[in-house]
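Here the structure is a predicted model, which means the values were calculated and not measured.
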Amino acid sequence: DREALECAHRYATAQGDHEMGADLCARLLARLDGDDEHRGRLLRLQGQRLENELGRLEDAKDVWSEVRGRSPEDLEAKEAVERLSTAVSDWDTLAAVLRETLAAQEGEARLPTLRRLGTLYVDHLFDPEAGRVCLEEAIGLQPDDADVRGALEAVYREQEDWSALVSSV
């Protein structure tokens with residue numbers, strides 16, 4: 001029953017038995033419905049344990065993604081999903097998080113996200129057109145950014161857009 005699982009989970013956690021704690025926490029989470037007030041706390045604990053103690057990064061990413069789904073404004077969960085998506089090379093999830101971040105940003109605050117998303121599209125998602133859009137907006141915000149300019153010129157070369165390449169120099 002739930003009380004016995006909670007007791008065993010507390011004991012395993014107190015003893016530093018992270019494998020057992022993760023297993024018991026997963027069992028508890030399976031028994032809790034989505035609205036249970038304890039679910040958020042257990043998810044955070046589970047995400048931290050899976051990442052930091054057990055090195056199960058894919059599982060940790062999934063747990064933190066659930067936290068983020070429950071609370072989209074949760075900065076800790078957003079950062080965890082970004083970090084873990086990068087660590088496990090889940091570029092689609094990382095791109096989704098960066099697009100959400102970009103949608104909430106304005107003006108020059110968009111620059112780091114545009115830079116990161118643009119290079120992600122080009123280098124990992126193999127979508128040079130989407131990368132180009134991001135990089136062109138970034139260069140519009142900061143025309144002297146040599147890294148962005150170099151990445152954008154590489155996209156122009158790949159797309160054989162010679163007129164854009166010439167006007168970028």
Asks: Decide whether I139 and L117 are clustered together by the hydrophobic rule: side chain heavy atoms of Ile, Leu, Val, Met, Phe, Trp, Tyr closer than 4.5 Å, transitively.
Replies: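 Cluster IDs for I139 and L117 differ.
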Asks: Output a table of donor-acceptor pairs, distance under 3.5 Å, between side-chain atoms of residues 130-138 and any protein atom two or more places apart or on a different chain; print 'none' if there are none.
Replies:
| unit_1 | atom_1 | unit_2 | atom_2 | d |
| --- | --- | --- | --- | --- |
| R132 | NE | E136 | OE2 | 3.0 |
| R132 | NH1 | Q159 | OE1 | 2.7 |
| R132 | NH1 | D161 | OD2 | 2.9 |
| R132 | NH2 | D161 | OD2 | 2.7 |
| E136 | OE2 | Y156 | OH | 2.8 |
| E137 | OE1 | R110 | NH2 | 3.2 |
| E137 | OE2 | R110 | NE | 2.7 |
| E137 | OE2 | R110 | NH2 | 3.1 |

Asks: So V97 and T101, do their side chains get closer than 4.5 Å, heavy atoms only?
Replies: yes
Asks: Check whether any side-chain heavy atom of Q15 lies under 4.5 Å from a side-chain heavy atom of M20, and answer yes or no.
Replies: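 A side-chain contact under 4.5 Å is absent here.
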Asks: Between E53 and Q48 (side chain of the first, backbone of the second, donor and acceptor by atom type, cut-off under 3.5 Å), is there such a pair?
Replies: no
Asks: Could you tell me the separation between the CZ atom of R39 and the CD atom of E66, rounded to the nearest 0.5 Å?
Replies: 4.0 Å
Asks: Tell me whether R149 contacts the main-chain N or O of D144 through its side chain, where contact means a donor paired with an acceptor under 3.5 Å.
Replies: no
Asks: Between CD of E158 and CD of E129, what distance do you get to the nearest 0.5 Å?
Replies: 10.5 Å
Asks: Nearest 0.5 Å please: distance from the OG1 atom of T93 over to the CZ atom of R68.
Replies: 10.5 Å
Asks: Could you note down all residue pairs passing ring pair (Phe, Tyr, Trp, His ring centres under 6.0 Å) where residues 28-54 supplies at least one of them, sequence neighbours left out?
Replies: none
Asks: Applying ring pair (Phe, Tyr, Trp, His ring centres under 6.0 Å), which residue pairs with at least one partner in residues 63-93 are found, sequence neighbours left out?
Replies: W91-H124
Asks: Is it true that the side chains of R116 and T86 contain a donor and an acceptor less than 3.5 Å apart?
Replies: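 Side chains of R116 and T86: pair found under 3.5 Å.
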Asks: Quick one: do V67 and L29 end up in the same hydrophobic cluster if we chain Ile, Leu, Val, Met, Phe, Trp and Tyr together by side-chain heavy atoms under 4.5 Å apart?
Replies: yes
Asks: Is there a path of hydrophobic side-chain contacts, each under 4.5 Å between heavy atoms of I/L/V/M/F/W/Y residues, joining L84 to L43?
Replies: yes
